[in-house]
There are 2 protein chains.
Amino acid sequence: MELLWRTREQPRRGPRPRLTVDRIVAAAIGIADGEGIAAVSMRRVAERLGVTAMSLYTYVPSKAELIDVMLDGVYAGMTRAAPASDHWRARLAAVADDNRALYARHPWLAAVAAVSRPPLGPGVIAKYEYELRAFDGTGLDDVQRDAALTFLLGFVETCARAAGAARASRQQTEMTDQEWWEAVTPYLERVFDPERYPTAARVGAAAGAAQGAAYDPDRAYTFGLARVLDGLAVLIEAPTTRAPTAGSEPRANPAGPAADGPSGPGPTGARR
Amino acid sequence: MELLWRTREQPRRGPRPRLTVDRIVAAAIGIADGEGIAAVSMRRVAERLGVTAMSLYTYVPSKAELIDVMLDGVYAGMTRAAPASDHWRARLAAVADDNRALYARHPWLAAVAAVSRPPLGPGVIAKYEYELRAFDGTGLDDVQRDAALTFLLGFVETCARAAGAARASRQQTEMTDQEWWEAVTPYLERVFDPERYPTAARVGAAAGAAQGAAYDPDRAYTFGLARVLDGLAVLIEAPTTRAPTAGSEPRANPAGPAADGPSGPGPTGARR
DNA sequence: GACCTGTTCCCTACGTTGTAGAGAGTTTCG
DNA sequence: CGAAACTCTCTACAACGTAGGGAACAGGTC
């Protein structure tokens, strides 16, 4: 916490610090961006700063906290290109795109992001505030807003994770998707029984042909985002009315809308 | 591959094996179920089987492959409670529930599941076949089916990941969500400016109060699944027809619906 | 029976990892 | 000038995945 907000009276005595938390975080982010989160070790970060691993512990209590601060840091510096469009759909799409762009710049984020008990630093909170605003005018109540945002961001994260996994297997095996498929096919033909799995054979072939791979991150994102927004639209554009844009009476749709929480003790949680 | 399908002529010479791949996989799954995937080390698995770490390498080329086989294994043994309901919506909800139940039984799965280039074993393929069938009668074409399934499963995985993260932080900190919040609040009050972040303050408070925590996995699942199905409904319940539910004109909402892939070379990919 | 050969399993060892503990060096306060 | 506070380094530990080099075992062929 003190770390996240950089609140700590600096010491008066002792040799003057050669490092700052910010420099450490920047170095760690640099490594993570270039070589993945797995390459971020205390020794590696220290080396980049010209000190030993242990000296980092004067600034940061542990690696877990360092990663929390990295996360808050990239959130704080995130570009928010979202247009103040008047249509909620465009605004939400922009929020999704911004997040996707962030994952593109910092692929390690997808492997790190914490949902429950997020590190409540300035970056996390600013992001939460900003993204909640995209729901202004939708008529959703506060609980629904939070749930809807979590839903949207979760979708983008899934896409980013999948894209990251795809990139990783490309690098590790040093094979393109096609080469992988060609390597795997002859074996599969020997064991796979198309009569037992007719749908899998047909759909797999069609999807593979359309995408040039078993999985295409871009398509998955485009397809999924449309579904996500359509799904939220059913909640937002209410039962009775039905003009081009918003409606009144946001409540209730199939499978039960978000609940109306009856009090309960509880946190002023932020998300992600 | 040989590993996944257990196709390998057993040797005629040499001491008779004390282990089998199945026993190794079962031991590894047992550890992962009980203590998380991080506790699955070669030494630990070996210990549970009464051998040394290195002897596992006679059966399994590396830890990565072992995890692939674990994944295929739990998929193969998965219960599929999906009712052969006549409504696609009920069938898809059942598929989601089945997957959620699987993640509940094997929480480590969420931290492991590979989307692109999945280990194409019998379990993975059977699961793919079964789940694709849930789309029978929806009128979706093959490419759309695959995309829709990936979308649905991705959603469930996200929920499972979040739930797993919540459980992990509960265990690691040995704090309930409330205790965590109470620990963090006094500090937050000192640095957080509600005037700067009015929406975050209000929505966070409302969501926290409703959930009793910053994040509630059950609510997130219920809410999200309804949105996912609503979103797919817009795609499925087409332009012309349609009674009680959807609106007209589903095509081209902003962010466009699924694409129509033009050929391309490619794999008969399976998913997950 | 004896040998060869392919297997299984163990021992040791290397280079990583996060971080605990002790101590050396540096700066400021009383 | 101490003394206290602080930064940074060194060494060390347990745990990780797995490479390399054997020892013990069992079948096939003489």
Side-chain angles (χ1 to χ4, degrees), chain A residues 2-3 6-25 27-28 31-32 35-70 108 111-112 168 171-173, chain B residues 2-3 6-25 27-28 31-32 34-70 108 111-112 168-169 171-173:
Chain A
E2 290 176 344
L3 211 59
R6 308 290 200 286
T7 57
R8 206 173 35 160
E9 70 287 8
Q10 66 228 17
R12 299 264 142 256
R13 282 189 255 233
R16 73 174 43 87
R18 276 195 268 176
L19 265 42
T20 62
V21 173
D22 284 323
R23 283 190 61 208
I24 294 173
V25 171
I31 295 170
E35 306 170 51
I37 194 70
V40 177
S41 73
M42 298 304 269
R43 284 174 237 259
R44 200 87 168 55
V45 173
E47 184 195 19
R48 186 177 267 225
L49 294 166
V51 297
T52 64
M54 288 312 290
S55 60
L56 300 183
Y57 285 90
T58 357
Y59 301 89
V60 158
S62 81
K63 192 186 177 183
E65 265 88 345
L66 172 57
I67 290 178
D68 280 353
V69 186
M70 290 167 66
W108 50 274
V112 149
Q171 274 185 11
Q172 277 171 21
T173 62
Chain B
E2 290 176 344
L3 212 57
R6 307 290 197 288
T7 56
R8 207 172 34 161
E9 70 287 7
Q10 66 227 18
R12 297 266 142 257
R13 283 190 256 233
R16 75 173 41 85
R18 277 196 267 176
L19 265 42
T20 61
V21 173
D22 285 322
R23 283 190 60 208
I24 293 174
V25 171
I31 294 170
E35 306 169 49
I37 194 72
V40 177
S41 72
M42 298 304 268
R43 285 174 235 257
R44 199 88 167 56
V45 173
E47 183 196 19
R48 186 176 267 224
L49 295 166
V51 297
T52 64
M54 288 313 290
S55 60
L56 299 183
Y57 286 90
T58 351
Y59 300 89
V60 157
S62 82
K63 192 186 178 184
E65 264 89 345
L66 172 56
I67 289 179
D68 280 352
V69 187
M70 290 169 64
W108 50 274
V112 150
S169 51
Q171 275 184 11
Q172 277 171 21
T173 64

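Naming: A, B, ... by sequence-line order, numbering from 1 per chain.
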Nearest 0.5 angstrom please: [X] [atom1] to [Y] [atom2], how far?
| X | Y | atom1 | atom2 | result |
| --- | --- | --- | --- | --- |
| B:L3 | B:E65 | CG | CD | 7.0 Å |
| B:E47 | B:T52 | CD | OG1 | 12.0 Å |
| B:R23 | B:R48 | CZ | CZ | 11.5 Å |
| A:L56 | A:L19 | CG | CG | 6.5 Å |
| B:W108 | B:I31 | CH2 | CD1 | 11.5 Å |
| B:R18 | B:L49 | CZ | CG | 11.0 Å |

Next on the checklist: Looking at every heavy atom in both A:S62 and A:Y57, which two are closest together, and how far apart are they?
Outcome noted: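 For A:S62 versus A:Y57, the nearest heavy atoms are CA-CE2, 4.0 Å.
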Report the distance from atom [atom1] of [X] to atom [atom2] of [N], rounded to the nearest whole Å.
| X | N | atom1 | atom2 | result |
| --- | --- | --- | --- | --- |
| A:L49 | D:dC8 | CG | P | 11 Å |
| A:R8 | D:dA5 | CZ | C1' | 13 Å |
| B:R13 | D:dA26 | CZ | P | 15 Å |
| B:L19 | C:dT7 | CG | C1' | 14 Å |
| A:I31 | C:dT17 | CD1 | C1' | 14 Å |
| B:R16 | C:dC9 | CZ | P | 12 Å |
| B:M54 | D:dA23 | CE | C1' | 15 Å |
| B:R18 | D:dA24 | CZ | P | 14 Å |

Next on the checklist: I need the residues from residues 56-70 of chain A with at least one non-hydrogen atom less than 4.0 Å from DNA chain D; give them sorted by number, or say none.
Outcome noted: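 Result for residues 56-70 of chain A: A:T58, A:Y59, sorted by number.
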Checklist entry - What parts of residues 37-45 of chain A reach DNA chain C, counting only heavy atoms under 4.0 Å away? => result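 Under 4.0 Å from DNA chain C: A:V40, A:S41, A:M42, A:R43.
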Checklist entry - For D:dT9, does OP1 or OP2 lie under 4.0 Å from any side-chain N or O of A:T52? => result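 Indeed, a polar side-chain atom of A:T52 lies that close.
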Item to check | N/O (side chain, B:S55) to phosphate O (OP1/OP2, C:dT8) under 4.0 Å | outcome: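 False: B:S55 side-chain N/O out of range (4.0 Å or more) of C:dT8 OP1/OP2.
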Checklist entry - Between A:M70 and A:V112, is any pair of side-chain heavy atoms under 4.5 Å apart? => result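 No - every pair of side-chain heavy atoms lies 4.5 Å or more apart.
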Item to check | 4.5 Å side-chain heavy-atom contact, A:M42 and A:I24 | outcome: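 A:M42 vs A:I24: side chains apart.
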